[in-house]
Amino acid sequence: MVANEKLDTFMKLSGELIVLKNSLRQICTEFDLEGKESKQFDKILESSQALNKITDALQEQIMDVRRVKIGQAFTKLPRMVRQTSKKLNKKVKLEIIGSDLFVDKNISRVLSGSMTHLIRNSVDHGIETPAAREMAGKPKEGNVLVKASQKNEKVTIDIIDDGKGIDRNIIANKAVSKGLISAEKSVSMSDSEVFDLIFFPGFSTAEVVTDVSGRGVGMDVVKSDILLLNGKVTISSEVGKGTHIQIEIPVPKTVMVEKSIIAKAFDVHLAFPQISVAQVISGDSIHLIDFNGSWGFKFKDKTIPLIDLQEIYEDKGTVLDKKEIEAGSVVVTFYKHMFVGVFVNQIKDQLEAVIRPFNKIVGELRVFKERL
């Protein structure tokens, strides 16, 4: 067993190598653009390619050491289900598939807490009592299935029960009564959008607090933890038949590196994580909307703001010229359900960017105070 502190040190060193690799790559690009073909240039190019192979291999080795069986995140579930079902006078069978799947330690750690909460909720609020199940024409024993799998670059956890399901109307009406949405909005929302309201902080349809799973407090924490891993969690359900909760988490190459799109906005270079980019749009293909001196545009039936980076870095009072926008591009990026377009003059490249914590000074920038 390798200590996490040592793994973190190796990962930091790997990050420094990637920064060096990117710098060397940029030097090679500049030489190439100037057409300077020489033996020295060929040697630099060879060194850059060799460094690429070394950093890629190092990252793979580090991530291999960090992998653990996902079953570690499920070890508490069988006992918890037995105790909870006994306390509630219910009969519940838990089935776990895919325990031997290897995942990153961070994924296993986050899932350990999230799964306990989700399965407890399923037993408490989803599975009916034997008498109720019998009246509904179901076997007295309820079933909860946990299935872990990996396809391409995503780890998927499916939690499926054959309980009473979730009534979307109850969720929607509760959200309206709490002032989260309007009555008109509740009618037009899809089932998935309504079920997503369950993850709002403090949201619950339970009228009585139980000592088993409370009143839904913690579902917001589950979603926040999954989002920290760049993952997502969705709920689908059918009244009388059961509920399906699906968690999807991308497989990290390393926790410090993000495949990014490099763009240039005037004199500023930006790195957009690919996982947070919804689309890159040509500036002359968007329909601009003027909001009293600020630009916005339509994207997927929503009106979203168009950000001018000069406003952030130079605190200028002028607005982007329409011709400037048409000559450039717009990178549409998102967080949760919020979208924003960022104007750039040019898309430069794609590379692996090393992720580091923001300095505290970032929080003092006016644009962050106003927008975050």
When you measure from the side chain of Lys223 to the backbone of Phe200, do you find a donor-acceptor pair of N or O atoms at a distance under 3.5 Å?
no
Roughly how far, to the nearest 0.5 Å, is the CG atom of Leu145 from the CD1 atom of Ile97?
5.0 Å
Hey, what do you get for NE2 (His117) to OG (Ser122), rounding to the nearest 0.5 Å?
11.5 Å
Side chain to side chain contact (heavy atoms under 4.5 Å, CB included) against Ser182, all qualifying residues, sequence neighbours excluded
Glu184, Lys185
Do you reckon Met189 sits in the same ILVMFWY cluster as Leu180, going by side-chain contacts under 4.5 Å, direct or chained?
yes
About how many Å separate CG of Asp225 and CG of Asp220, when rounded to the nearest 0.5 Å?
9.5 Å
Rounded at 0.5 Å granularity, tell me how far CG in Asn152 sits from CD in Gln150.
8.5 Å
Can you find a heavy atom in the side chain of Phe266 that is under 4.5 Å from one in the side chain of Glu324?
yes
A side-chain contact here means heavy atoms from C-beta on lying under 4.5 Å apart; do Val110 and Ile226 qualify?
yes
Ala172 and Ile181: which non-hydrogen atoms are nearest, and at how many Å?
O-CD1, 4.2 Å
Sequence neighbours excluded, which residues qualify as ring pair (Phe, Tyr, Trp, His ring centres under 6.0 Å) partners of Phe199?
none
Using every non-hydrogen atom in the two residues, find where Phe339 and Lys302 come nearest and quote the distance to one decimal.
CE1-NZ, 4.3 Å
Same cluster for Ile160 and Leu94 if Ile/Leu/Val/Met/Phe/Trp/Tyr side chains link at under 4.5 Å?
no
Can Val344 be reached from Val268 by stepping across I, L, V, M, F, W or Y side chains whose heavy atoms are under 4.5 Å apart?
yes
Non-hydrogen atoms of Lys154 and Val251 that approach each other most closely
N-CG2, 4.0 Å
With no hydrogens and no angle check, is any side-chain donor or acceptor of Lys76 less than 3.5 Å from a backbone partner on Thr116?
no
Shared hydrophobic cluster, Ile261 / Leu270 (ILVMFWY, side-chain heavy atoms < 4.5 Å)
yes
Could you tell me whether the side chain of Thr156 and the main chain of Ser149 form a donor-acceptor pair under 3.5 Å?
no
Beyond-backbone contact of Met219 with Asn121, side-chain heavy atoms, under 4.5 angstrom
yes
Inter-residue atom distance Ile198.CD1 - Ile171.CD1, 0.5 Å rounding
4.0 Å
Pick one: which of Leu229, Val155, Ile275, Ile107 meets side-chain contact (heavy atoms from CB on, under 4.5 Å) with Pro250?
Ile275
Any sub-3.5 Å donor-acceptor pair from Ser114's side-chain atoms to Leu111's backbone N or O?
no
With a 4.5 Å limit on heavy-atom distance, are the side chains of Lys174 and Leu197 in contact?
no
Is there a side-chain contact (heavy atoms from CB on, under 4.5 Å) between Val68 and Lys105 once you walk through the steps?
CA-CA 6 Å; Val68 296; Lys105 284 184 177 181; 3.8 Å; yes
Side-chain contact test, heavy atoms from C-beta onward, threshold under 4.5 Å: evaluate it for Thr234 versus Glu248 and give yes or no.
no
Ser112 side chain to Arg109 main-chain N or O, any donor-acceptor pair under 3.5 Å?
no
Taking all non-hydrogen atoms of both residues into account, name the closest pair between Phe299 and Ala278 and its distance.
CZ-CB, 4.0 Å
Look only at the side chain of Lys140 and the backbone of Lys91, and say whether a donor-acceptor pair between them is shorter than 3.5 Å.
no
Begin with the C-alpha distance, continue with both residues' side-chain angles, and end with the deciding distance and a verdict on side-chain contact (heavy atoms from CB on, under 4.5 Å) for His125 and Ile166.
CA-CA 9 Å; His125 301 301; Ile166 304 171; over 6 Å; no
Is the shortest heavy-atom distance from the side chain of Leu118 to the side chain of Ile247 under 4.5 Å?
yes
Check Gly165 against Thr243 and note the closest heavy-atom contact, atom names and distance.
CA-OG1, 3.6 Å
Which of Lys164, Lys241, Lys138 passes salt bridge (charged side-chain N to carboxylate O under 4.0 Å, His left out) with Glu128? It is Lys138
With heavy-atom distances below 4.5 Å as the criterion, would you say the side chains of Arg82 and Pro78 are in contact?
yes
So, do Val103 and Ile249 sit near enough that their side-chain heavy atoms are less than 4.5 Å apart?
no
Locate the shortest heavy-atom distance separating Thr303 from Ile289; write the atom from each residue and the value.
CG2-CD1, 4.0 Å
Is Asn143 reaching over with its side chain to a backbone N or O of Asp162, donor-acceptor style, under 3.5 angstrom?
no
Among Thr333, Val332, Val331, which residue satisfies the side-chain contact (heavy atoms from CB on, under 4.5 Å) criterion with Ser276?
Thr333
Gap separating the OG atom of Ser329 from the CD1 atom of Ile347, nearest 0.5 angstrom
5.0 Å
Quick check: is Ile70 connected to Met80 through a chain of hydrophobic side chains (ILVMFWY, heavy atoms under 4.5 Å apart)?
yes
Step by step, work out the side-chain contact (heavy atoms from CB on, under 4.5 Å) result for Phe334 and Val340.
CA-CA 6 Å; Phe334 64 92; Val340 65; over 6 Å; no
Donor-acceptor under 3.5 Å (Asn173 side chain, Asn169 main chain):
yes
